[in-house]
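Single-structure report; data block below.
Labels below follow one simple rule: chain letters A, B, ... track the order of the sequence lines, proteins then strands, and each chain is numbered from 1. Not measured: the values here are computed from a predicted model.
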2 protein chains.
Amino acid sequence: MKPVTARCDSVWSVATIRELARLCGVSPATVSRVFNNPEVVNAKTREQVLRTARQIGYLPNESARTLATKKSFMVGLLWDTDHRRPGWRHPFFQEILIGLKTALSGRGYHLLMLATSGEHTDDAYVRAARRHNLDGVVMIDSGTWDPSLRHLAESGVPCVSLDRPVQGPKATYVTSDNVGGARQAVRHLHEQGRQAIATITGPAHTRPGAERLQGYQEELALLRLPYRPEHVAEGDFYVTGGEAAMRRLLETDERPDAVFVAGDEMAVGALRAISEAGLKVPEDIAVVGFDDIEVAALVPPGLTTIAQDKDGFGAAAAEALVSMINGADAPPARILPTTLVVRGSSTRAI
Amino acid sequence: MKPVTARCDSVWSVATIRELARLCGVSPATVSRVFNNPEVVNAKTREQVLRTARQIGYLPNESARTLATKKSFMVGLLWDTDHRRPGWRHPFFQEILIGLKTALSGRGYHLLMLATSGEHTDDAYVRAARRHNLDGVVMIDSGTWDPSLRHLAESGVPCVSLDRPVQGPKATYVTSDNVGGARQAVRHLHEQGRQAIATITGPAHTRPGAERLQGYQEELALLRLPYRPEHVAEGDFYVTGGEAAMRRLLETDERPDAVFVAGDEMAVGALRAISEAGLKVPEDIAVVGFDDIEVAALVPPGLTTIAQDKDGFGAAAAEALVSMINGADAPPARILPTTLVVRGSSTRAI
DNA sequence: ACGGTCCATGAAACCGGTTACAGCGAGATG
DNA sequence: CATCTCGCTGTAACCGGTTTCATGGACCGT
């Protein structure tokens with residue numbers, strides 16, 4: 001009998017481990033073992049405990065468990081609150097987020113998006129991480145965040161950064177081969193017969209921005225194409241910045257016949273500026289972007305772009321994090337290869 | 001003096017409340033009060049405790065705190081693992097996620113994305129919520145998830161669902177005025193002089209899908225336009241589904257001169273199908289979408305659409321959740337108004 | 001000098017798990 | 001039969017906070 005679960009709130013019958021132990025006539029320790037170390041407990045006892053647990057709806061309390069073991073199985077997601085710079089608000093990172101969550105999930109880790117409760121000290125995130133017993137932390141490039149990042153890297157909390165280099169005993173990063181990708185882009189444009197290849201860059205203080213510019217310059221040199229500073233315009237990684245930058249490029253003395261844009265969002269802006277100027281893509285100007293976010297495929301005539309391995313980001317981050325959590329030293333940085341995706345914006349015929 | 005922070009691992013000096021209490025010559029209880037109930041403790045003691053806390057880098061352990069208080073200040077995010085249906089993977093929900101996180105953050109709540117550790121029972125989420133002492137839960141429409149949802153609504157955990165109706169003592173939902181929005185769309189098309197207005201719907205088993213279809217039908221009736229079943233094609237809320245649906249519409253005996261598409265992603269697909277068929281938007285066929293996700297503004301000729309109040313979703317959800325957490329009964333459902341955003345796809349001249 | 005408030009604090013139990021260590025009984029071994 | 005192993009289980013301390021309740025002292029009015 002004992003229909004303890006009389007009321008509809010049966011679900012809320014808060015059963016503790018001692019309660020369950022009492023019902024089974026064993027000690028709490030044994031119950032604990034049933035869940036954490038099943039093989040050491042006698043098969044019959046084990047079955048009975050499991051059965052009873054199911055009956056009364058016993059669920060271990062994770063807070064208590066974390067308190068005792070110091071493992072939370074949670075990874076913190078550092079969310080830049082400065083919405084003006086490319087943070088999680090950027091479509092690229094939104095697409096990454098999914099992959100990251102999936103990869104972590106697969107390894108049994110939860111993802112905690114911390115409330116950045118107003119306090120904006122350098123160590124706000126380290127503090128948050130420690131308060132919550134986070135097993136690890138993921139953060140993305142955030143321009144001027146260095147102090148925060150350094151604190152984290154030094155704190156000993158396993159930490160992987162996306163796109164921004166960081167090294168420490170328990171800190172590493174994953175990024176795309178930005179230099180190589182940019183070179184692919186320029187080479188492709190050159191192979192299409194373009195000669196005056198301009199570029200729209202990301203903000204100079206961001207790592208991807210700087211590296212993609214570097215790749216652009218390197219490949220120009222290799223191809224023995226002239227480097228013209230007036231053919232370099234800085235954007236902000238978003239549509240409007242790309243549009244403005246393109247307008248500036250169109251006003252230069254010698255109009256470019258191609259432009260490598262260091263981000264798809266900006267590239268979409270560039271397309272718009274070009275069409276507003278009454279010019280055609282790719283006939284008058286060929287465009288190659290970077291990222292391969294969803295819009296790239298959707299905007300006519302189809303944006304040729306350097307695709308980043310977005311699922312790879314999440315997977316690599318999760319893998320590095322978990323290995324560090326399990327005691328390993330920080331693995332070397334992962335530089336993910338990029339691939340050229342050819343669409344209409346750089347080729348006459350699709 | 002006292003450069004306690006000699007070693008780099010100073011940050012890791014795990015200070016407990018008893019340690020801090022000892023250093024200050026007070027009891028743990030007092031220290032606890034300093035942080036939770038500052039006004040009841042003597043000003044001098046308080047200052048001293050705070051100072052010492054800063055010196056030794058004391059941080060309260062949230063797990064211990066949660067264990068004792070049963071409040072975690074965490075809200076769970078239910079993440080549909082079934083990637084075939086419109087879940088968090090859909091751009092619309094990605095845009096919502098930002099707002100939700102921000103709104104919750106502002107109220108001091110963290111957002112926990114739970115690992116759905118393989119177990120696919122109806123009550124998996126209730127169990128997860130209880131294990132982690134979640135203060136509340138947010139979930140999105142997920143088609144066939146009803147059992148899960150019901151479990152949650154009955155469990156007593158404060159819970160707000162996005163887009164899918166649910167009612168319970170601690171459960172409510174927020175959604176857009178899908179019927180009204182659809183009617184706005186149809187009316188707009190009619191005002192542009194269109195007569196044969198078709199529609200591409202979301203999957204019939206989704207709530208927004210059904211409601212937008214209903215709005216379409218209602219407005220047709222009101223305008224005394226004929227309702228033709230062959231002018232209704234079902235999509236999947238994604239680009240490819242919209243494209244396929246549009247192709248079917250183009251094959252009907254009487255070709256429509258306008259189409260209301262119940263989602264921007266699908267609308268983009270529709271645009272593509274139309275252009276592939278050698279037709280022009282808006283000259284031959286006018287298109288109105290739903291959602292106003294980012295691409296809507298980017299894809300030529302600009303997608304006229306029914307905008308959902310994305311920030312409103314997050315804000316309303318957070319508000320409802322927090323009020324329930326604080327003891328209030330479930331507030332009534334919030335139906336957010338939609339607004340018509342006119343772009344090139346429905347008007348000859350922008 | 002005395003009883004009553006009020007303020008500030010401390011002692012100790014409690015939240016719900018984990019785990020080091022000790023103990024016990026059964027079977028194997030000499 | 002004594003002893004040793006081994007498999008299984010229980011005791012109790014511990015994780016790091018919170019909170020109830022009791023208490024001690026300062027201050028007040030009479």
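- Between B:N133 atom CG and D:dT18 atom C1' there is a gap of 15 Å when expressed in whole angstrom units.
- Residue-level contact check: A:V26 touches the backbone only, with heavy atoms under 4.0 Å from sugar-phosphate atoms and none from bases.
- Within the 6.0 Å centre-distance limit, the rings of B:F35 and B:Y58 are counted as a close aromatic pair.
- With D:dT9, D:dG17, C:dT18 as the candidates, the nucleotide lying closest to the side chain of A:A68 is C:dT18.
- Taking atom CD1 on A:I56 and atom C1' on C:dG16, their separation rounds to 13 Å, with Å as the unit.
- In the set C:dG17, D:dG16, C:dA8, the nucleotide with an atom closest to the side chain of A:K70 is D:dG16.
- Between A:N37 atom CG and D:dT9 atom P the separation is 13 Å, expressed in whole Å.
- Between the side chain of A:R46 and the backbone N or O of A:V41, at least one donor-acceptor pair lies under 3.5 Å.
- In this structure, A:P28 and A:R18 approach most closely via the heavy-atom pair CG-CG, 3.9 Å.
- Rounded to whole angstrom, the span from the CD atom of A:E39 across to the P atom of D:dG7 amounts to 13 Å.
- Minimum atom distance to the side chain of B:L67 is reached by D:dG16, of the listed D:dG16, D:dG17, D:dC8.
- Per the geometry, CD belonging to A:E62 stands 11 Å off C1' belonging to C:dG16, to the nearest Å.
- For A:R65, taking side-chain heavy atoms from C-beta onward, the closest of the listed nucleotides C:dT9, C:dG17, D:dG10 is C:dG17.
- The phosphate of C:dC15 has neither OP1 nor OP2 within less than 4.0 Å of any side-chain N or O from A:N61.
- At distances below 3.5 Å, at least one donor-acceptor pair connects side-chain atoms of A:T172 with backbone N or O atoms of A:P331.
- In this structure, B:S63 and B:A29 both approach DNA chain D, and ranking their closest nucleotides by distance from the 5' end singles out B:S63.
- Among the heavy atoms of the strands, none lies under 4.0 Å from A:F35.
- Distance CZ (B:R130) to C1' (C:dG16): 13 Å, rounded to an integer number of Å.
- Taking side-chain N and O atoms only, A:T30 has no distance below 4.0 Å to OP1 or OP2 of D:dT9.
- Between the side chains of A:S105 and A:K101, a donor-acceptor pair is found at a separation under 3.5 Å.
- In this structure, CD of B:E47 is placed 14 Å from P of C:dA8, rounded to the nearest angstrom.
- Here A:L20 lies out of heavy-atom contact (under 4.0 Å) with every strand.
- Comparing C:dA20, C:dG17, C:dG16 by their closest approach to the side chain of A:R33 singles out C:dA20.
- Using a 4.0 Å heavy-atom cutoff across all strands shown, A:T66 reaches no nucleic acid atom at all.
- The base of D:dG17 sits with one of its N or O atoms less than 3.5 Å from a complementary donor or acceptor on the side chain of B:R18.
- The two atoms that bring B:A129 and B:V137 nearest to each other are CB-CG2, 4.2 Å, heavy atoms only.
- In this model, the phosphate group of C:dG10 is approached by a side-chain N or O of B:S27 to a distance below 4.0 Å at OP1 or OP2.
- Distances shorter than 4.0 Å separate none of the side-chain N or O atoms of A:N42 from OP1 or OP2 on D:dG7.
- Summarising the geometry, the separation between CG on B:L59 and P on D:dG16 is reported as 13 Å, rounded to the nearest angstrom.
- The shortest distance between the side-chain N/O atoms of B:S32 and the OP1/OP2 oxygens of D:dT18 is below 4.0 Å.
- As judged by a 4.0 angstrom heavy-atom cut-off over every strand, B:V31 is placed among residues making no nucleic acid contact.
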